[in-house]
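Throughout, protein chains are lettered first and strands after them, A, B, ... in sequence-line order, and every chain is numbered starting at 1.
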Amino acid sequence: MPRDVRIEEAPKFVGEEVRIKGWLYGKVDKGKLQFLQVRDGTGIIQAVVFQNNVPPEAFEAARQVGQESSLILEGTLKAEPRAPGIPGGYEVEVKDLKVLQFVQDYPITPKEHGIEFLMDHRHLWLRSTRQWAIMRVRATVIKAIRDWLDSHGFLNIDSPILTPAACEGTTTLFATDYFGQPAYLSQSGQLYNEATIMAFGKVYCFGPTFRAEKSRTRRHLMEFWMVEPEMAFADLEDCMRVEEELVTYVVQTVLRERANELKVLERDTSPLEKVEPPFPRISYDEALEILKEAGEPLEWGEDFGAPHETIISLRFEKPVFVHHYPTKAKAFYMEPEPDRPEVCRSVDLLAPEGYGEIIGGGQRISDPNLLEQRIKEHNLPREAYQWYIDLRKFGTVPHSGFGLGVERTVAWICGLQHIRETIPFPRTLGRIYP
RNA sequence: UGCGGGGUAGCUCAACGGGGAGAGCGGGCGGCUGUUAACCGUCUGGUUGUGGGUUCGAGUCCCACCCCCGCAGCCA
């Protein structure tokens with residue numbers, strides 16, 4: 001009896017009789033010899049069907065089978081340097097073959113396609129090797145994030161998706177109806193994290209977040225995944241140390257476990273190999289100097305635009321921290337620097353190679369009176385934030401946290417031009433199909 | 001939302017100053033025992049985004065609308 005084998009495990013079963021269940025990815029018809037590229041979700045392997053080696057009906061099936069037909073094949077697994085595939089170098093000398101469904105006219109051919117066509121066929125596009133590789137990296141990025149946090153004292157405490165009020169204003173929120181009350185899809189779990197750290201010390205939430213910003217750029221999605229760690233008894237420095245260690249662990253794990261996928265993506269891994277602590281740290285003021293030298297001066301107090309982030313990140317080989325932004329450019333809950341209240345203890349992490357911001361975070365206000373004052377200055381409804389103010393009345397402590405965007409991180413690690421390929425079914429401006 | 005580019009065969013694109021709508025790929029059939037997005041022969045392909053207008057005649061010019069892409073703002 002042949003053994004059921006997954007393609008990624010093929011190297012372990014050379015010389016054995018195997019059965020592979022999958023889909024036809026590609027084919028070369030050489031007459032009496034058929035080369036089938038078969039994928040099973042874990043890789044691609046070449047199956048060689050020679051007319052004299054198989055029953056006549058199996059050979060006829062191999063001759064007629066079309067791209068993405070589902071099939072089960074049996075044969076001898078061989079090491080073969082000429083064989084293409086992922087990882088490649090192995091092939092099955094087929095002895096029998098059964099086609100579950102003959103497919104004709106699969107829309108996504110091996111030739112080039114435009115982005116609109118591919119996005120309309122996202123449900124099928126995910127089968128292509130490039131998308132397959134990206135999703136495998138994404139899964140590893142997510143697992144590495146969880147593994148690192150779980151093993152460094154953080155407890156996973158998820159925050160609600162349906163929320164009653166905005167963290168930072170309501171124009172960028174998706175509104176829905178909650179039994180007659182307005183409710184909004186969460187755009188951050190941070191405020192809830194600030195509650196749970198007082199119960200659990202160090203926490204993180206990990207889930208989808210929603211922004212109704214009409215942003216149409218290569219780094220925005222309406223729905224994206226964010227991990228938000230938050231720590232009690234932590235200042236800005238502690239925050240940056242956690243960020244650099246976490247990001248380093250994620251990058252190193254992908255380099256180690258997803259080498260094949262990065263190869264499929266033709267990612268030059270040398271910039272990724274340089275990622276290790278400490279990351280350079282520059283202040284907002286220093287960043288302004290760099291922008292001035294680069295001929296893109298910015299007025300003090302202005303927040304960076306995408307081109308500014310690119311200029312700064314290209315100056316460094318590793319991800320770079322930019323800290324102490326102007327207080328008025330950041331959210332209401334940011335802790336001002338005591339000696340210099342016009343700047344706050346905020347920090348963004350910019351990925352190298354021009355990828356820009358992947359993390360935003362900082363130290364939160366711990367004084368109840370200052371927090372109340374800021375809520376007033378930002379014209380936020382006090383009642384909605386009563387519980388948040390409460391956190392500073394019952395055992396307040398210095399605390400910090402950050403949000404890391406999963407898709408931007410995946411785009412950087414994979415070396416992608418656009419964030420839409422980093423999530424299985426992207427929600428972009430104007431698209432909610434499929 | 002602003003600026004710019006675009007919508008022609010299943011896909012990627014071409015069609016000069018307004019005059020017979022084309023190629024490659026894909027798909028079908030035939031050939032080949034080592035192909036790597038194979039190759040060779042042959043067949044198959046159209047409501048030119050939608051609606052209106054100018055004209056003897058519109059893919060091409062004009063008006064309106066729809067959709068897509070890029071950049072910017074905003075952010076992770």
Would you indicate, yes or no, if B/C25 has its OP1 or OP2 atom less than 4.0 angstrom from a side-chain nitrogen or oxygen of A/His113?
no

Tell me the interatomic distance from [X], atom [atom1], to [N], atom [atom2], rounded to whole angstroms.
{"X": "A/Asp105", "N": "B/G27", "atom1": "CG", "atom2": "C1'", "value": "6 Å"}
{"X": "A/Asp120", "N": "B/G49", "atom1": "CG", "atom2": "P", "value": "17 Å"}
{"X": "A/Phe304", "N": "B/G73", "atom1": "CZ", "atom2": "P", "value": "13 Å"}
{"X": "A/Glu302", "N": "B/C75", "atom1": "CD", "atom2": "P", "value": "12 Å"}
{"X": "A/Leu173", "N": "B/C74", "atom1": "CG", "atom2": "P", "value": "18 Å"}
{"X": "A/Leu36", "N": "B/G34", "atom1": "CG", "atom2": "P", "value": "16 Å"}
{"X": "A/Phe102", "N": "B/G28", "atom1": "CZ", "atom2": "P", "value": "12 Å"}
{"X": "A/Lys32", "N": "B/C39", "atom1": "NZ", "atom2": "P", "value": "22 Å"}

When the ring planes of A/His152 and A/Trp148 are compared, do they come out parallel, tilted or perpendicular, using 30° and 60° as the limits?
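Correct class here is parallel.
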
With under 30° as parallel and over 60° as perpendicular, where do the rings of A/Tyr204 and A/Phe206 fit, or are they tilted in between?
perpendicular

Nearest to the side chain of [X] - [options]?
{"X": "A/Ile115", "options": "B/C75, B/U35, B/C69", "value": "B/C69"}
{"X": "A/Lys30", "options": "B/U35, B/G70, B/G30", "value": "B/U35"}
{"X": "A/Glu357", "options": "B/G34, B/C75, B/A38", "value": "B/C75"}
{"X": "A/Pro84", "options": "B/G28, B/U1, B/U36", "value": "B/U36"}
{"X": "A/Asp303", "options": "B/C69, B/G73, B/C75", "value": "B/C75"}
{"X": "A/Ile419", "options": "B/A76, B/C11, B/C69", "value": "B/A76"}
{"X": "A/Gln37", "options": "B/G73, B/U35, B/G34", "value": "B/U35"}
{"X": "A/Arg408", "options": "B/C75, B/G34, B/G70", "value": "B/C75"}
{"X": "A/Glu112", "options": "B/G27, B/C68, B/U12", "value": "B/U12"}
{"X": "A/Lys214", "options": "B/A76, B/U35, B/U1", "value": "B/U1"}

Between the base of [N] and the side chain of [X], is one N or O donor paired with an acceptor at under 3.5 angstrom?
{"X": "A/Glu91", "N": "B/G34", "answer": "yes"}
{"X": "A/Asp29", "N": "B/C32", "answer": "yes"}
{"X": "A/Ser215", "N": "B/C74", "answer": "yes"}
{"X": "A/Gln46", "N": "B/U36", "answer": "no"}

Whole-Å [atom1] distance, [N] and [M]:
{"N": "B/G20", "M": "B/A64", "atom1": "C1'", "value": "31 Å"}
{"N": "B/C11", "M": "B/G53", "atom1": "C1'", "value": "34 Å"}
{"N": "B/U8", "M": "B/U60", "atom1": "C1'", "value": "11 Å"}
{"N": "B/A23", "M": "B/C3", "atom1": "P", "value": "40 Å"}
{"N": "B/G2", "M": "B/G45", "atom1": "C1'", "value": "42 Å"}
{"N": "B/G59", "M": "B/U47", "atom1": "C1'", "value": "13 Å"}
{"N": "B/G30", "M": "B/C68", "atom1": "C1'", "value": "41 Å"}

Crowded around A/Lys274 NZ? As in, over 12 foreign heavy atoms under 6.0 Å?
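More than 12 within 6.0 Å, yes.
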
With a sphere of 6.0 Å drawn around CD of A/Glu266, does it hold more than 12 non-hydrogen atoms of other residues, nucleotides or ligands?
no

Exactly one candidate in A/His220, A/Lys214, A/Glu213 meets side chain to side chain contact (heavy atoms under 4.5 Å, CB included) with A/Leu429; the answer is A/Lys214

Tell me which one of A/Val347, A/Val343, A/Asp285, A/Ile282 satisfies side chain to side chain contact (heavy atoms under 4.5 Å, CB included) with A/His324.
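With A/His324 as partner, A/Val347, A/Val343, A/Asp285, A/Ile282 yield a single side chain to side chain contact (heavy atoms under 4.5 Å, CB included), made by A/Val343.
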
Over all strands shown, is [X] touching base, sugar-phosphate only, or nothing at heavy-atom distances under 4.0 angstrom?
{"X": "A/Gly26", "value": "nothing"}
{"X": "A/Lys111", "value": "base"}
{"X": "A/Thr217", "value": "base"}
{"X": "A/Glu80", "value": "base"}
{"X": "A/His308", "value": "nothing"}
{"X": "A/Gln417", "value": "nothing"}
{"X": "A/Arg216", "value": "base"}
{"X": "A/Phe35", "value": "base"}

If we only count heavy atoms from C-beta on, is the [X] to [Y] side-chain gap below 4.5 Å?
{"X": "A/Phe332", "Y": "A/Ile365", "result": "no"}
{"X": "A/Tyr192", "Y": "A/Ile157", "result": "no"}
{"X": "A/Lys318", "Y": "A/Glu244", "result": "no"}

By nearest-heavy-atom nucleotide on RNA chain B, the more 5' of A/Pro110 and A/Leu429 is A/Leu429

Residue-level proximity of residues 218-230 of chain A to RNA chain B when a heavy atom falls under 4.0 Å:
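Result for residues 218-230 of chain A: A/Arg218, A/Arg219, A/His220, A/Leu221, A/Phe224, A/Met226, sorted by number.
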
Closer than 4.0 angstrom, basic N to acidic O: yes or no for A/Glu421 and A/Arg122?
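Judged by the 4.0 Å cut-off on N to carboxylate O distance, A/Glu421 and A/Arg122 do not form a salt bridge.
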
For the pair A/Glu257 and A/Lys143, find out whether any cationic side-chain nitrogen is under 4.0 Å from an anionic carboxylate oxygen.
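Here A/Glu257 does not pair with A/Lys143 in a salt bridge, since their nearest N and O are not under 4.0 Å apart.
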
